[in-house]
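Numbering starts at 1 and runs along the sequence shown. Keep in mind that the numbers below use all heavy atoms, side chains included, and drop hydrogens, waters and symmetry copies.
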Amino acid sequence: MTLNAPILILLSVFLVSCSSDEQSQQLENNVMQKLSDGAYLLSKVTITEKGETSVLLRDQIKIYTRGKFMFAFDNESTGDMDVGAGNAAWVNGVMVEEPLVNHDGPLSDLSFKITIEPTEIGFDQVLHGMTYDDGRVLDTMVEVWDRAPGEPTPFDGLWTLEERQADSSELTEFAETKMIGGGHFIILQSALNQGQKVRNFGFGTFDLQGEGRVIETGMVGSWDNYSDHSAEVGFKLIDDNHMTQSFNLGGQLVTQTYVRM
């Protein structure tokens, strides 16, 4: 049997398309295999602006788990916290992050393509043309991340507060986003205290002791004396998409119910 020219052309196009799709899928699989879910701590940030390079150091965490991300740090350049969380997915070997909430509140219709290059101990995150609120534009920003030690738990994921029960509290309109993953956690809170809006954030280690008992130890946070502060918290999964946590705060029992984001 002899194939004519048009059929040969169509067959070649089909094979090239299949090969391209397979290469893209293989690239995505390779990146995902090297960059597994877990917690990562920032090692350094190299910034190039107008051809000049500088290196910054700061305490920052980022957690990827179950198709979500969350990061947090105390931003000295703004004098405020910098926290964000949302959806995360690999598309042709590029990480696409869709923020759902940050330290100022809910977000929508945002999407960022981030180049991630896995390393032996974590990953490098490369950003091009980043623009600040004051109009500054960076040539590149390269963040070096090291994987933090820690094991996954049944509570891993990105959660938002549904209900808060406390014996008594001066706080109203209490809201919280919490990420758990890789033996670490991040929390972002906002509330009204006697009519004044307050915001807090923190991150640290999440050490599962068994039977839903967890020791949370703060690393960085906006509360006084938060670093190295440990608290015992009881966790319970209601179902795959709902959980509760209970703890004592100033002698009061607080129970919070969350739903997955």
- [ ] Could you walk me through whether K178 and Q245 pass the side chain to side chain donor-acceptor pair (under 3.5 Å) test, one step at a time?
- [x] CA-CA 11 Å; K178 184 165 189 170; Q245 71 170 35; 2.7 Å; yes
TODO: Check the pair F123 / E117 against side chain to side chain contact (heavy atoms under 4.5 Å, CB included), numbers first and verdict last.
DONE: CA-CA 5 Å; F123 67 92; E117 301 173 356; over 6 Å; no
Task: Worked verdict on L192 versus V198 for side chain to side chain contact (heavy atoms under 4.5 Å, CB included) - done: CA-CA 6 Å; L192 292 180; V198 293; over 6 Å; no
Open item on the list: Determine whether K113 and E97 satisfy the following criterion, side chain to side chain contact (heavy atoms under 4.5 Å, CB included), listing intermediate values before the conclusion.
Closed with: CA-CA 7 Å; K113 293 182 178 180; E97 294 183 353; over 6 Å; no
Open item on the list: Could you walk me through whether D82 and N102 satisfy the side chain to side chain contact (heavy atoms under 4.5 Å, CB included) test, starting with their C-alpha distance in whole Å, then the side-chain angles of each, then the deciding distance to 0.1 Å, before giving a yes or no?
Closed with: CA-CA 8 Å; D82 202 331; N102 71 4; over 6 Å; no
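V214 and W159 end up in the same hydrophobic cluster when Ile, Leu, Val, Met, Phe, Trp and Tyr side chains are linked at under 4.5 Å. Grouping the Ile, Leu, Val, Met, Phe, Trp and Tyr side chains by contacts below 4.5 angstrom, directly or via other members, places L127 apart from V144. When the side chains of ILVMFWY residues are joined at heavy-atom separations under 4.5 Å, either directly or via intervening members, F73 and I114 end up in a single hydrophobic cluster. Clustering ILVMFWY residues whenever any of their side-chain heavy atoms sit less than 4.5 angstrom apart, transitively, puts L249 in the very cluster that holds Y226.
Taking all atoms of both residues into account, the shortest heavy-atom contact from H184 to A148 is CE1-CB, 3.5 Å. Scanning all heavy atoms of the two residues, the minimum distance from G181 to A39 falls at O-CB, 3.8 Å. In terms of heavy-atom proximity, S111 sits nearest to V96 at OG-CG1, 3.4 Å. Counting all heavy atoms, side chain and backbone alike, S190 lies closest to K197 at CB-CE, 4.3 Å. The heavy-atom pair separating L208 from P154 by the smallest distance is CD2-CD, 4.2 Å.
Applying the 4.5 Å side-chain rule to ILVMFWY residues, one finds L41, I61, I63, M70, M81, V83, L100, L158, M179, I186, L188, F201, F203, M219, V220, M261 in the same cluster as V101.
Side-chain contact check for T53 versus I47: every heavy-atom pair is 4.5 Å or farther apart. Using a 4.5 Å cut-off on side-chain heavy atoms (C-beta onward), Q125 and K62 make contact. You'll find the side chain of Y258 stays beyond 4.5 Å of the side chain of H242, heavy atoms only. In this structure the side chain of E176 reaches within 4.5 angstrom of the side chain of I187, judged on heavy atoms. T217 has its side chain out of reach of H229: every pair of non-hydrogen atoms, C-beta onward, lies at least 4.5 Å apart. Contact of the T257 side chain with the L161 side chain is not registered, since no non-hydrogen atoms from C-beta on lie closer than 4.5 Å. In this structure the side chain of D80 reaches within 4.5 angstrom of the side chain of R199, judged on heavy atoms. At least one side-chain heavy atom of M141 sits under 4.5 Å from a side-chain heavy atom of V45.
With values rounded to the nearest 0.5 angstrom, D37 atom CG is found 4.0 Å from T65 atom OG1. Going from atom NE2 of H103 over to atom CG of N200 covers 13.5 Å, rounded to the nearest 0.5 Å. Rounded to the nearest 0.5 Å, atoms CD (E232) and CD1 (I215) are 4.5 Å apart. With rounding to the nearest 0.5 angstrom, the CG atom of D59 is 9.0 Å from the CG atom of L42. The structure places CZ of F185 at 11.5 Å from CG of D207, a figure rounded to the nearest 0.5 Å.
R66 has a carboxylate O that lies under 4.0 Å from a charged side-chain N of D240, or vice versa, which qualifies the two as a salt bridge. Salt bridge annotation for K68-E98: absent, with no cationic side-chain nitrogen under 4.0 angstrom from a carboxylate oxygen.
Heavy atoms from other residues, nucleotides or ligands lying under 6.0 Å from CG of D239 number more than 12. Heavy-atom contacts from other residues, nucleotides or ligands closer than 6.0 Å to CD of E151 number 12 or fewer.
E211 and Q209 share no donor-acceptor pair across their side chains, judged by distance under 3.5 Å alone.
Below 30°, between 30° and 60°, or above 60°: for F69 and Y64 the angle between ring planes is between 30° and 60°, a tilted geometry. Taking the six-membered ring where the residue is Trp, F235 and F155 present tilted rings, their angle falling between 30° and 60°.
With hydrogens and angles ignored, the 3.5 Å screen pairs a side-chain donor or acceptor of T119 with a backbone N or O of G122.
Listed by first then second residue, pairs satisfying salt bridge (charged side-chain N to carboxylate O under 4.0 Å, His left out) with a partner in residues 139-148 read R58-E143, not counting sequence neighbours.
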